[in-house]
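Some notes on the structure that comes next.
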Amino acid sequence: RYDWSRGPAVLKVHLWAPGFSAFGGGIREFSRELALGLSELGHDVRLFGKTDRTGTWHGYRLSGTGFLGGRFQTTNFVATSLSAIAIDRPDHIISTHVNFGPLAHAAKRFFRTPFTLVAHGIDIHPGLSSPVLAAMREAERIIAVSAWTRDRVLDLGGIDPRDVTIL
């Protein structure tokens, strides 16, 4: 397990989120604060926002697919994220939504890039797809935003309680 406050002076992190730049609370605000916090710890953070346009956000490099919309947006997000991993070789991926878990799981298999998933609550339910569940079981860490969410994650089964942290 990696201790984010110790270790290399700079850890290269790819941070995936539904979006960073547009107005919105919840997951977007969490993602923005996480990006700022990781940067304050000295890590090299690159942002990937599915609904954002490519550019910058508060000086961070931001890769986005927001100009496409629909099913092409998802396909482009996958292609953009995987190609960036192949080129950048990040030390860790953090996905602020479990639906990106299967992509992170693929990155781990193909590039040996460890990943963390963030669980927010309502996104965790018994009807999650098999690929999302498999990704949750393979994640180095799952960050739950509350004790209630942690309980929901553990109720899914097959996830080690030591791998789920409450933030």
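To the nearest 0.5 angstrom, S21 atom OG is 7.0 Å from R28 atom CZ.
Within 6.0 Å of CZ on R109 lie more than 12 heavy atoms contributed by other residues, nucleotides or ligands.
Side-chain contact between D91 and V13: absent, with no pair of heavy atoms (C-beta onward) separated by less than 4.5 Å. Here the side chains of T113 and K108 are not in contact, with every heavy-atom distance at 4.5 Å or above. With a 4.5 Å cut-off on side-chain heavy atoms, W16 and L103 count as touching. In this structure, F20 and H58 have side chains that are not in contact, with every pair of non-hydrogen atoms separated by 4.5 Å or more. Side chains of D52 and W57 form no contact here, defined as non-hydrogen atoms less than 4.5 Å apart. Two residues are said to be in side-chain contact when any heavy atoms from C-beta on lie closer than 4.5 Å; T96 and P18 meet this criterion. Using a 4.5 Å heavy-atom cutoff, the side chains of I85 and P90 are in contact. Counting heavy atoms from C-beta on, the side chains of P161 and R150 come closer than 4.5 Å.
Following chains of ILVMFWY side-chain contacts shorter than 4.5 Å, one can reach I93 starting from L117, so the two form part of one hydrophobic cluster. Put simply, F100 and L128 are part of the same group of oily side chains (I, L, V, M, F, W, Y) that touch within less than 4.5 Å, one to the next. The hydrophobic clustering, which links ILVMFWY residues whose side-chain heavy atoms are closer than 4.5 Å, places V153 and I27 apart. One hydrophobic cluster holds both F77 and F111 under the rule that ILVMFWY side chains link at heavy-atom gaps under 4.5 Å. Cluster membership check: I94 does not share its hydrophobic cluster with V164, using side-chain heavy-atom separations under 4.5 Å among Ile, Leu, Val, Met, Phe, Trp and Tyr.
The minimum heavy-atom distance linking A35 with L47 is given by the pair CB-CD2, 3.7 Å. Smallest separation of non-hydrogen atoms from R46 and S63: NH2-OG, 2.8 Å.
When each of D123, I122, I124 is checked for a side chain to side chain contact (heavy atoms under 4.5 Å, CB included) with H120, only D123 meets the rule.
Between H105 and F115, the ring planes are tilted. Angles from 30° to 60° get that label.
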So H14 and S81, side-chain hydrogen bond (donor to acceptor under 3.5 Å, both in side chains) or not? Walk me through it.
-> CA-CA 9 Å; H14 281 196; S81 300; over 6 Å; no

